[in-house]
Trainee: 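Before we start, here is the structure in question, set down as structure tokens.
Keep in mind the model is a prediction, meaning the values are calculated, not measured. Reminder, nothing fancy here: chain letters follow the sequence lines and each chain counts from 1.
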2 protein chains.
Amino acid sequence: MAPPKPTDTALADPSPWRSPAQRGRDRALKREAVLKAAARLFNEKGFHATSLDDVARQLNVTKPTLYHYFRSKDDVLFECCRMGLEMIEAAAAPGPGSSASGLERLRALMEQYAQAMTMDFGMSITRTPDTALSPENRAELRRLKSQIDRALRGVIQSGIEDGSIAPCDVRTAAFAIAGALNAIAHWYRPGGPLAPAEIARQTADFLIQGLAPRAPKRRQPRR
Amino acid sequence: MAPPKPTDTALADPSPWRSPAQRGRDRALKREAVLKAAARLFNEKGFHATSLDDVARQLNVTKPTLYHYFRSKDDVLFECCRMGLEMIEAAAAPGPGSSASGLERLRALMEQYAQAMTMDFGMSITRTPDTALSPENRAELRRLKSQIDRALRGVIQSGIEDGSIAPCDVRTAAFAIAGALNAIAHWYRPGGPLAPAEIARQTADFLIQGLAPRAPKRRQPRR
DNA sequence: CCATAAAGTTACTCATGAGTAACATCCATT
DNA sequence: AATGGATGTTACTCATGAGTAACTTTATGG
């Protein structure tokens with residue numbers, strides 16, 4: 001009955017009297033703790049197989065408490081996904097001010113995207129079907145996703161224009177890239193043989209190099 | 001005008017008296033119709049948002065009827081996924097008897113895989129979280145998936161060995177490829193600009209060529 | 001022509017889990 | 001001290017939908 005291991009999340013601050021300004025900060029921290037616990041459980045057991053009672057138990061509170069921070073279970077999932085998407089968008093957003101080639105910028109984007117998919121909020125984007133959300137939340141999430149898709153296509157396009165990326169169907173390429181990166185959320189496990197950074201690098205390498213071998217540096221002698 | 005002995009092929013002949021052998025066939029057809037309707041609804045509205053009443057209504061019967069063909073909702077989903085996975089496995093299975101290079105065999109596999117992901121049963125593999133299934137069914141599905149994964153890695157490995165595929169981390173490559181192909185189930189829509197065969201070809205092309213431009217007019221390395 | 005099984009129906013049970021009501025504390029401000 | 005707004009609790013309501021019971025109809029085979 002008693003919780004075997006009290007999962008102290010980020011609430012390891014034992015100061016019993018909170019300062020005035022600290023209170024508002026507390027609230028934000030608690031909100032985030034709820035999201036984190038929820039994301040973890042959603043990813044592990046699935047959204048529908050996780051009740052808010054489960055989430056609450058994980059945090060040593062009761063379900064109605066969660067409703068002080070979120071309006072519905074739906075909203076909790078939505079916020080998890082939004083956090084994840086914002087991480088990715090932050091990686092996609094850096095304006096074209098940089099002097100890097102399209103391919104270099106795409107590599108950076110892919111690697112950050114990949115690493116986001118190894119984190120709780122990043123995973124929740126792809127590991128929960130968007131059909132679980134209310135129509136409004138679903139629409140908003142779709143909007144965020146397509147914003148990322150647009151940014152991704154933009155970088156690919158500019159790489160094609162500056163010659164650092166081979167001409168290809170941008171739409172299909174963007175979908176293939178996003179698919180390969182999203183998949184990481186499905187197979188990555190913290191204890192696995194590869195660290196997030198390694199996965200990110202290898203996956204980006206693979207997408208850049210392609211399956212077909214490249215011709216050796218030196219020109220091939222004719223026949 | 002006595003009806004001659006009807007050929008028991010599945011023609012659109014609604015003859016009200018079924019032949020003896022036809023009966024068993026009818027049952028199989030009905031079973032399949034249930035699966036097809038279910039897969040379509042699951043993909044469209046999501047597994048949890050689809051009730052068996054919905055499926056039954058779609059077929060002009062009532063829910064308990066479905067229980068003559070399946071033991072549970074769980075089983076229905078399981079069978080949908082199994083159908084999809086078997087399609088892919090059929091593509092992955094062809095023994096190494098062929099004289100084609102590893103890359104050629106991989107292209108064929110990827111294209112068939114991709115096309116499967118545009119069909120109802122193929123979609124259900126990736127569009128429903130496996131957390132929806134009972135532990136036993138989930139384990140069995142996982143088995144089938146890893147069988148495909150093994151086959152995929154085998155083809156990649158043999159391509160590396162015969163020089164038709166660039167050396168790379170086979171595990172990561174297999175995950176990236178499967179991810180890119182699985183993603184098709186999420187963005188393909190029947191009315192879209194690309195037909196399944198085109199999507200399959202473009203995606204395979206992209207994965208084979210990679211993002212980085214290739215040196216112009218280089219002769220293929222010998223094999 | 002009757003027994004039997006298959007296929008389908010209507011009308012339920014029943015567990016689950018989201019969301020709410022009403023009540024209890026704690027802390028800060030007046 | 002009293003007021004009031006956060007925060008938290010216990011104890012519910014209530015809709016949904018999977019699965020079942022019991023009965024009807026059809027049709028096959030002995």
Trainee: With a 4.0 Å cut-off on N to O distance, would you call A:Arg201 and A:Asp205 a salt bridge?
Mentor: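 A salt bridge is present here (some side-chain N lies under 4.0 Å from a carboxylate O).
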Trainee: In whole angstrom, what separates B:His68's NE2 from C:dA7's P?
Mentor: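 Taking atom P of C:dA7 as the reference, NE2 of B:His68 is at 7 Å.
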Trainee: May I have the distance from A:Phe70 (atom CZ) to C:dA18 (atom C1'), rounded to whole angstrom?
Mentor: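 So the two atoms are 16 Å apart, to the nearest Å.
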Trainee: What is the distance from CG of B:Leu29 to C1' of C:dA7, rounded to the nearest Å?
Mentor: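 For the pair B:Leu29 CG and C:dA7 C1', the rounded distance is 16 Å.
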Trainee: For B:Leu181 versus B:Ala114, what's the shortest heavy-atom pair and its separation?
Mentor: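 Reported closest heavy-atom pair: CD2-CB, 3.9 Å.
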Trainee: What are the two closest non-hydrogen atoms of B:Thr131 and A:Gly46, and how far apart are they?
Mentor: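 Minimum heavy-atom separation between B:Thr131 and A:Gly46: OG1-CA, 3.6 Å.
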Trainee: Counting heavy atoms not belonging to A:Arg71, are there more than 12 under 6.0 Å from its CZ?
Mentor: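 No - once you tally the heavy atoms of other residues, nucleotides and ligands closer than 6.0 Å, there are 12 at most.
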Trainee: Can you list, in residue-number order, the parts of residues 129-141 of chain A that come under 4.0 Å of DNA chain C, counting heavy atoms only?
Mentor: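 Within this stretch, nothing sits under 4.0 Å of the strand.
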Trainee: Taking DNA chain D as the partner, which of residues 35-47 of chain B come within under 4.0 angstrom of it by heavy atom?
Mentor: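 Nothing qualifies; none.
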Trainee: Listing time: all N or O pairs from protein to nucleotides 20-22 of chain C that are below 3.5 Å?
Mentor:
none

Trainee: From C:dA7, C:dG19, D:dG19, pick the nucleotide closest to the side chain of A:Ser72?
Mentor: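 Selected nucleotide (nearest to the side chain): C:dG19.
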Trainee: Does the pair A:Arg153/A:Asp149 count as a salt bridge with the N-to-O cut at 4.0 Å?
Mentor: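 Yes, this pair counts.
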Trainee: Report yes if at least one side-chain N or O of B:Arg27 is closer than 4.0 Å to OP1 or OP2 of C:dA6; otherwise report no.
Mentor: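 Result: no.
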Trainee: Quick check: does any side chain N or O of B:Ser146 sit under 3.5 Å from a backbone N or O of B:Arg143, one acting as donor and the other as acceptor?
Mentor: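 Indeed, once roles are kept as given, a pair shorter than 3.5 Å links the two residues.
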Trainee: Roughly, in whole Å, what's the span from CG in A:Leu66 to P in D:dA6?
Mentor: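 Whole-Å distance recorded here is 18 Å.
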Trainee: Do other residues, nucleotides or ligands put more than 12 heavy atoms under 6.0 Å from the CD atom of A:Glu32?
Mentor: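 Result for CD/A:Glu32: open.
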Trainee: According to the side chain to side chain donor-acceptor pair (under 3.5 Å) rule, which pairs have a member within residues 172-182 of chain B, sequence neighbours left out?
Mentor: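 Side chain to side chain donor-acceptor pair (under 3.5 Å) check on residues 172-182 of chain B returns A:Gln202-B:Thr172, B:Tyr113-B:Asn182, B:Asp169-B:Thr172.
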Trainee: Could you go step by step and tell me if A:Val34 and A:Val61 meet the side-chain contact (heavy atoms from CB on, under 4.5 Å) rule?
Mentor: CA-CA 10 Å; A:Val34 173; A:Val61 294; over 6 Å; no
Trainee: Rounded to whole angstroms, how far apart are CG on A:Leu77 and P on C:dG19?
Mentor: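 Whole-Å distance recorded here is 12 Å.
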Trainee: NA contact type, B:Tyr69, heavy-atom cut-off 4.0 Å: base, sugar-phosphate, or nothing?
Mentor: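 The answer is sugar-phosphate, as B:Tyr69 gets under 4.0 Å only of primed atoms, P, OP1 or OP2.
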Trainee: Minimum heavy-atom separation for B:Arg82 and B:Leu144, please, with both atom names.
Mentor: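 Smallest interatomic distance, heavy atoms only, reads CG-CD1, 3.6 Å.
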Trainee: Tell me the closest heavy-atom pair linking A:Ala176 and B:Ala180, and the distance in Å.
Mentor: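 Result for this residue pair: O-CB, 3.6 Å.
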Trainee: Check the distance between C:dG19's C1' and A:Lys73's NZ and give it to me in whole angstrom.
Mentor: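 My rounded result for the distance is 12 Å.
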Trainee: Give a yes or no on this: more than 12 heavy atoms of other residues, nucleotides or ligands lie within 6.0 Å of atom NZ of A:Lys145.
Mentor: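 More than 12 within 6.0 Å, yes.
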Trainee: Would you please name every residue forming a side-chain hydrogen bond (donor to acceptor under 3.5 Å, both in side chains) with A:Arg150, sequence neighbours left out?
Mentor: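 If we apply the side-chain hydrogen bond (donor to acceptor under 3.5 Å, both in side chains) test to A:Arg150, skipping adjacent residues, there are no hits.
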Trainee: What residues in residues 49-62 of chain B put a non-hydrogen atom under 4.0 Å from any atom of DNA chain C?
Mentor: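 Heavy-atom contacts with DNA chain C come from B:Val61, B:Thr62.
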Trainee: Enter the distance from A:Phe70:CZ to A:Cys80:SG here, rounded to the nearest 0.5 Å.
Mentor: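 If we round to the nearest 0.5 Å, A:Phe70:CZ and A:Cys80:SG are 7.5 Å apart.
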